[in-house]
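This report refers to the structure that appears directly beneath it.
Residues take their numbers from the sequence shown, with the count starting at 1. Only this structure's heavy atoms are used, side chains among them; waters, hydrogens and symmetry mates stay out.
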Amino acid sequence: MRIASAKESYAADEALFDSAVQRAWFALLLLALAAFPFAVNQYWAYLACLAAINVISATGLNILTGYTGLVSLGQAAFMGVGAYTVAVLEARLGTPFLLNLLLGGCTAAAVGMVFGIPSLRVKGLYLAISTIAASFILTFVFANWTGVTKGVSGINVPPARLFGIDLDTPFKLYWVIVPLAVLMLLGAANLFRTRVGRAFIAVRDRDISAEVLGIPLLRTKLTSFALSSFYAGVAGGLWAYFFRVVTPESFPLLMSIFFLAAIIVGGMGTILGGILGAVFMTLVPELLKLGVGVVSPFWPEAAVVLSPVRTVVFGALIVGFLVFEPQGLTEMWRRTRRFFHLWPFKT
């Protein structure tokens, strides 16, 4: 009994130590995020804001695809719903910045639920095709509902305003976009400690068994679509404030493929996977630009010839990670942590 009690006490102490270490690392991360905009120029602040927006949308898609097992290629279209909602509210009504973001997310969630209804009857490839149809339908609406969206000319968005301050530079927007991204990531992480989050995972693992256990499939799937689209809508609203103009061409199908690639590369079914994948995929075009800049002095036509390379790289990354590392960058990070954790004791 004493041995068992000692083991339990040791396990409890180890859990407390791990929790304290995690809190310390999280505090250091917050300090690093707070110091980052002061240590870099406007261009890197711009990239940080763009990466944070992509992280929010990729996390939403991960809730739907990674945790619930429902494939979607309409995430960019739902971002467009949020962006247009924010643009109309800001340009025509001048409602508060945070209220616009909330309404943009809610509108996208409502639209996402409508397009999530087929998920009760179809899944896999057929569901992906239905979400592609949603992308085309919403793009058509953006282009032709001229009374609201102004058609192909788009809507110019005034700068966001918070506490009387115009958020008109990447440095200023950083202090809104990044904290919102952190809060939404914390919300997603805590979601899967609740009954709703566990129901998502049960549906992903075996939907028929989940239904037998009393989990309502339609409500669970629609809730997942709503949450995923809400994240997309908030990301789209931030995107509208960031770029200050919204047009039907702003959210193409390729952007949805970008987010799907991000969660595949990062690791589906993990919050860290959405973060790593979105940041990595955001930086890939910058690395390609750097490569073009290095090659250009020797090959003047490099920029023109290599312009389609971004799409090729996205496809190659998806295939490469599916074949060689299906669990993505998250698993690579875990292996690295295990290696350095055990390194002093290796024989």
Side-chain angles (χ1 to χ4, degrees), residues 19-60 79 82-83 86 90 96-102 104-105 156-190 231 234-246 258-259 262 265-266 271-294 329-330 333 336-337 340:
S19 178
V21 169
Q22 289 178 356
R23 286 196 295 269
W25 277 111
F26 184 68
L28 286 174
L29 175 62
L30 293 181
L31 287 174
L33 290 175
F36 180 82
F38 296 103
V40 298
N41 57 27
Q42 288 286 331
Y43 178 70
W44 284 101
Y46 162 87
L47 282 181
C49 291
L50 183 60
I53 292 171
N54 290 338
V55 164
I56 294 172
S57 189
T59 301
M79 279 184 69
V86 165
E90 183 67 47
F97 164 65
L98 294 177
L99 177 61
N100 292 344
L101 289 178
L102 178 61
N156 293 318
V157 183
R161 197 171 172 81
L162 191 63
F163 303 121
I165 301 173
D166 286 337
L167 307 179
D168 52 0
T169 65
F171 177 84
K172 294 178 181 178
L173 281 166
Y174 179 93
W175 298 103
V176 174
I177 294 176
V178 172
L180 278 176
V182 172
L183 287 175
M184 297 192 78
L185 285 168
L186 289 174
N190 286 299
Y231 273 68
V234 172
L238 291 171
W239 192 98
Y241 280 119
F242 188 58
F243 288 101
R244 303 276 300 279
V245 63
V246 182
F258 169 90
F259 290 119
V265 169
I271 300 299
L272 182 60
I275 300 171
L276 295 179
V279 172
F280 179 76
M281 296 301 287
T282 301
L283 294 178
V284 164
E286 304 307 315
L287 296 175
L288 293 177
K289 289 180 184 177
L290 180 62
V292 170
V294 172
L329 293 171
T330 301
W333 168 248
T336 303
R337 285 185 58 192
F340 283 104

Sequence neighbours excluded, every pair satisfying salt bridge (charged side-chain N to carboxylate O under 4.0 Å, His left out) that has a member inside [range]:
range	result
residues 24-36	none
residues 40-54	none
residues 278-288	Glu286-Lys289

Could you pull out all residues at least two apart from [X] that satisfy ring-ring contact (aromatic ring centres under 6.0 Å, His included)?
X	answer
Phe242	Tyr46
Phe36	none
Tyr43	none
Tyr241	Phe97

- Atom CH2 of Trp175: over 12 foreign heavy atoms under 6.0 Å: yes
So, using side chain to side chain contact (heavy atoms under 4.5 Å, CB included) as the criterion, who are the partners of [X] when residues are at least two apart?
X	value
Pro158	Glu90, Ala91
Ala45	Pro170
Val234	Met184, Phe230, Leu238
Leu272	Leu276, Thr330, Trp333

- Message: Suppose we screen for salt bridge (charged side-chain N to carboxylate O under 4.0 Å, His left out). Which residues come up paired with Arg244, at least two apart in sequence or across chains?
- Response: none
